[in-house]
> 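Sharing a structure, written as C-alpha cells. Questions coming.
Quick caveat: nothing in here was measured; it's all calculated off a predicted structure. Below, each value reflects all heavy atoms present in this structure, side chains not excepted, and no hydrogens, waters or symmetry copies.
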Amino acid sequence: MRTAKITRKTAETDIAVEVNLDGTGVYDMATGVGFFDHMLDQLARHSLIDMTIRCTGDTHIDDHHSVEDTGIALGQALTQALGDKRGIRRYGSCLLPMDDALVRAALDLSGRPYLIWNVDFPTQKIGRFDTELVREFFQALSTHGGITLHVDALHGLNSHHIAEAAFKSVARALREAVETDPRKADAIPSTKGAL
C-alpha cells in the first residue's frame, strides 16, 4: 500500500497528515483556515489521493504557519508514500480552466525540489485568507515533497478562481505523476536507477 502518516509538532503548529496514493480522492480537512480547507479538498479530490489533515495552529497571529507547515507535512507524507518511486509515471501536467482563470501546472517527482511560480492575484485577500499564502503552501510542498513544480496563471480576474485553478491543476498533474505506469510497473523512472 502506498500510504503514509506524518505528524509534525512545533511551538506554532500541531499537524497530522494521512495519505493514500491509490485512493479515490476522499478527503477530511480541518486546519482551522476555512478557505485553505476548501483548497485542500480540491487537491485531494482532483488528485484522487485520499487525504486526512488535522492542524491546530497559531491562527490568532495569522494563518501563515498553519498553511506553510501543512505543506511541509503533506510533502513529507507524499515522499514517504512514494517510497523508491518504482513504477510511477513521475511526470504530470495540466492546463486547467475555471471560469476567467486558466492555470498550467507541470511537475516532476524528481527528488529535486524547485518551484517556479508565475501567479499574480488581483487582490491581497480572499475573504480573510492572504493570497500570498498560496505560494507559501506550494513552496513547502515542493521542498518537502522533492517536487520540481511549475505553476503559471495564464489568465484570471478573480482571486478565488485563480487560487482554486492552481490547486486543481497541481492536483491533476500530481494524479498523473503518482499513477503506476503499466508498461514499467517494476522500474524506477530514471536512467540513473534512483530518484
> Share the residues that join Met1 in a hydrophobic cluster, the rule being Ile, Leu, Val, Met, Phe, Trp or Tyr side chains under 4.5 Å apart at the heavy-atom level.
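None; Met1 is a cluster of one.
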> Can you check side-chain hydrogen bond (donor to acceptor under 3.5 Å, both in side chains) on Thr148 and Ser110, steps first, answer last?
CA-CA 7 Å; Thr148 300; Ser110 60; 3.1 Å; yes
> Among pairs that include at least one residue of residues 57-83, which meet ring pair (Phe, Tyr, Trp, His ring centres under 6.0 Å), considering only residues two or more places apart or in two chains?
none
> Nearest 0.5 Å, please: how far is CD1 in Ile15 from CD1 in Ile6?
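Reported value, rounded in 0.5 Å steps: 11.0 Å.
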> Please name all residues satisfying salt bridge (Lys or Arg N to Asp or Glu O under 4.0 Å) with Asp130, sequence neighbours left out, ordered by chain then number.
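Lys125.
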> Considering only residues two or more places apart or on different chains, which pairs with a residue in residues 47-59 satisfy salt bridge (Lys or Arg N to Asp or Glu O under 4.0 Å)?
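Non-adjacent pairs meeting salt bridge (Lys or Arg N to Asp or Glu O under 4.0 Å): Asp28-Arg54.
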> Would you list the pairs meeting ring pair (Phe, Tyr, Trp, His ring centres under 6.0 Å) in which at least one residue belongs to residues 71-119, sequence neighbours left out?
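Every ring pair (Phe, Tyr, Trp, His ring centres under 6.0 Å) pair that includes a residue of residues 71-119, provided the two are not neighbours, is Trp117-Phe138.
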> Taking side-chain contact (heavy atoms from CB on, under 4.5 Å) as the definition, give me every residue that meets it alongside Ala163, ordered by chain and number, with sequence neighbours left out.
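Result, side-chain contact (heavy atoms from CB on, under 4.5 Å) vs Ala163: Phe35, Met39, Phe121, Ile126, Val134.
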> With a cut-off of 3.5 Å and sequence neighbours excluded, list every side-chain donor-acceptor pair involving residues 73-82.
from	atom 1	to	atom 2	distance (Å)
Thr79	OG1	Gly75	O	3.1
Thr79	OG1	His144	O	3.1

> Taking side-chain hydrogen bond (donor to acceptor under 3.5 Å, both in side chains) as the test, write out the residues that go with Asp41, two or more places apart.
none
> Report the distance from atom CD of Gln139 to atom CD of Glu136, rounding to the nearest 0.5 Å.
7.0 Å
> Could you go through residues 176-195 and list every donor-acceptor pair under 3.5 Å that involves a side-chain atom there, pairing it with any protein atom two or more places apart or in another chain?
from	atom 1	to	atom 2	distance (Å)
Asp181	OD1	Arg183	N	3.0
Ser190	OG	Lys192	N	3.1

> Just jot down the side-chain hydrogen bond (donor to acceptor under 3.5 Å, both in side chains) partners of Glu18, sequence neighbours excluded, or say none.
none
> Go through the steps for Phe36 and Ile53 under the test side chain to side chain contact (heavy atoms under 4.5 Å, CB included), then give the verdict.
CA-CA 11 Å; Phe36 185 46; Ile53 298 176; over 6 Å; no
> Step by step, work out the side chain to side chain contact (heavy atoms under 4.5 Å, CB included) result for Leu43 and Met51.
CA-CA 9 Å; Leu43 188 65; Met51 294 183 196; 4.0 Å; yes
> Going by the side chain to side chain donor-acceptor pair (under 3.5 Å) test, name the single residue among Thr70, Asp69, Thr31 that passes it with Thr13.
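For Thr13, the side chain to side chain donor-acceptor pair (under 3.5 Å) test succeeds with only one of Thr70, Asp69, Thr31, which is Asp69.
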> Which donor-acceptor pairs under 3.5 Å do side chains of residues 149-160 form with protein atoms, sequence neighbours excluded?
from	atom 1	to	atom 2	distance (Å)
Asp152	OD1	Asn118	ND2	2.7
Asp152	OD2	Arg104	NH2	3.4
Asn158	OD1	His160	N	2.9
Asn158	OD1	His161	N	3.0
Ser159	OG	Thr123	N	3.2
Ser159	OG	Thr123	OG1	2.7
His160	NE2	Glu164	OE1	3.1

> Please step through side chain to side chain contact (heavy atoms under 4.5 Å, CB included) for the pair Val33 and Phe129, ending with a clear verdict.
CA-CA 8 Å; Val33 183; Phe129 185 82; 3.7 Å; yes
> For Arg86, what residues pass the side-chain hydrogen bond (donor to acceptor under 3.5 Å, both in side chains) criterion, not counting sequence neighbours?
Asp84
